[in-house]
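Data block below; observations after.
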Amino acid sequence: MAGAVTRSGLVVMAYGTPGSPDEIEAYYTHIRRGRPPSPEQLAELVSRYEAIGGTSPLAARTRDQVAAIRAALDAAAPGEWVVELGTKHAPPFIEDGVQALAKAGVARAVGLVLAPHYSRGSVGEYHARARAAADEAGLAYVGIDSWHDSEPWIAAQAERVRAARAGLPPATEVLFTAHSLPERVLEGDRYVDELEASARAIAARADLGPGPGGGTRGGSGGAAGPADGAGWRLAWQSAGRTPEPWRGPDVAEVIRELGAGGAVAGVLVCPQGFTSDHLEVLYDLDVDARRVAEEAGLAFARTASINDDPAVMADLAARVRRAAGPS
Ligand code: FEC
């Protein structure tokens, strides 16, 4: 059996989350590149985790995603792939995942990030760390930069938009959100272009009305009345608590503006920049954005997360195989 196949390695990368409330401080310190948070900052983050049950489901959702991608690879090429998880801010770290691949004796490593859109300040950082670890281990490395054009992912998002809209008033605005980044990072970056492209594709597939710049509705509201059905636009969420400017408008600001404008009766948030249930979705949207919508007198819903959707995970596995090239 030994030597029958050249084994390939995949490191699946995700954000990572504290395993228990005791680990929140170390996690936050890691996110802040080694600078411990102040007691106030830490208490504020702990209270957000408490509001969603103490810890985040992200670890479990990521494990399920990795298992689904591993199963799809194994179905397509039995025994060929060694799959490891590596996360950005909690163990097992990206470097641990790459080292585990090297230990398993793979010939090369592919890196896949469980975030659909590329920014050098986000996905680019994952690949830089994975590539450095692969170089150190003497492994060839190829990173998949983005997969926001995945047909199964666009279809799955559109299906979730349709399902959630069915429970909302006809005059509902759809807000496609992603994690904000500092304006400094976005200079010359393709993150915003990719988010616009995928929002447009999902909106078209879900038969939403014209988006920003595409018709009567768009930009800051437009002239359409409540009977006109949905428009859609991009909004930003979860901006960091730092003094520099972050990309906006924030989703809360957009919801307040929509409430004040009186042209819509509901908002549906589709967090297209994330793949799974976690703090930024369960707290920033389900708690915070929902409260703002209620205050603004708008009905609110959020699309279900992709999590380990089989068609999406299978497409990611297919992309991994293509990125690896012939074995
Ligand atoms: O459920 C969980 O436990 C973790 C949820 C979580 C996800 C996530 C995804 C992204 N982030 C991105 C960028 C930044 C930048 C900073 C930053 C800070 C935090 C903090 C927490 C946190 N992030 Fe995160 N992020 C998640 C959680 N993130 C907690 C620290 C407290 C706070 O600011 O809220 C600012 C860092 C700095 O201070 O320098 C920038 C991006 C994503 C989406 C792509 C990805 O998944 O990697 C971009 C999930």
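This structure is a prediction, so every number in the text was calculated from the model and none was measured. Counting convention: from 1, in listed order, for ligands and their atoms alike.
Using a 4.0 Å cut-off to heavy atoms of Tyr126, the atoms of ligand 1 that qualify are 45 (C), 46 (O), 47 (O). Each of the atoms 9 (C), 43 (C) of ligand 1 lies under 4.0 Å from some heavy atom of Phe274. Under a 4.0 Å criterion applied to the non-hydrogen atoms of Leu45, ligand 1 contributes the atoms 29 (C). Those atoms of ligand 1 with a heavy atom of Ser122 less than 4.0 angstrom away are 44 (C), 48 (C). Atoms of ligand 1 lying under 4.0 Å from any heavy atom of Tyr49, numbered from 1 in the order shown and given with element: 2 (C), 3 (O), 4 (C). Taking every heavy atom of Arg241 and a limit of under 4.0 angstrom, the matching atoms of ligand 1 come to 32 (C), 33 (O), 34 (O). Atoms of ligand 1 lying under 4.0 Å from any heavy atom of Ser56, numbered from 1 in the order shown and given with element: 1 (O), 2 (C), 3 (O). With ligand atoms numbered from 1 in the order given, ligand 1 contributes 30 (C), 31 (C) to contacts under 4.0 Å with heavy atoms of Tyr28.
Here Leu58 has side-chain heavy atoms under 4.0 Å from ligand 1, and that is the only part of it that gets that close.
Tyr27 OH, 3.2 Å is the protein heavy atom nearest to atom 4 (C) of ligand 1.
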message: For Arg319 and Asp315: C-alpha separation, side-chain torsions, deciding distance, then whether salt bridge (Lys or Arg N to Asp or Glu O under 4.0 Å) applies.
response: CA-CA 6 Å; Arg319 283 167 182 257; Asp315 186 55; 3.0 Å; yes
- request: Output, in order, the C-alpha distance, side-chain angles, deciding distance and verdict of salt bridge (Lys or Arg N to Asp or Glu O under 4.0 Å) for Glu125 and Arg129.
  value: CA-CA 6 Å; Glu125 290 181 353; Arg129 281 174 53 186; over 6 Å; no
message: The test is salt bridge (Lys or Arg N to Asp or Glu O under 4.0 Å); show your working for Asp207 and Arg165 and say whether it passes.
response: CA-CA 11 Å; Asp207 286 328; Arg165 274 206 74 217; over 6 Å; no
Check against salt bridge (Lys or Arg N to Asp or Glu O under 4.0 Å), Asp277 and Arg302: CA-CA 11 Å; Asp277 293 325; Arg302 190 258 299 168; 3.8 Å; yes
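Checked by atom type, the side-chain pair Arg247/Ser180 shows no donor-acceptor distance below 3.5 Å.
Ionic pairing of Arg200 and Glu196 is not present here: no N-O contact between side-chain nitrogen and carboxylate oxygen is shorter than 4.0 angstrom. With salt bridges taken as basic N to acidic carboxylate O contacts below 4.0 Å, none links Asp308 and Arg61. In this structure, Arg233 pairs ionically with Glu257, as a charged nitrogen and a carboxylate oxygen lie closer than 4.0 Å.
Taking the ring centre of Tyr118 as origin, the terminal cationic atom of Arg190 falls inside the region bounded by 6.0 Å and 45° from the ring axis.
In terms of polar-atom proximity, Lys88 is not counted as a contact of ligand 1, lacking any N or O under 3.5 Å from an N or O of the ligand.
A 4.5 Å side-chain heavy-atom check between Glu294 and Phe300 finds every atom pair outside the cut-off.
Residue-and-atom listing of protein N/O/S atoms under 2.8 Å from atom 24 (Fe) of ligand 1, sorted by chain and number: Tyr15 OH.
Put simply, part of Trp246 is less than 4.0 Å from ligand 1, judged by heavy atoms. Look at Arg48 and you'll find a heavy atom under 4.0 Å from some atom of ligand 1.
For His278 and Tyr15, the ring centers sit 6.0 Å or farther from each other.
Atom CD of Glu244 is surrounded by more than 12 heavy atoms from other residues, nucleotides or ligands within 6.0 Å.
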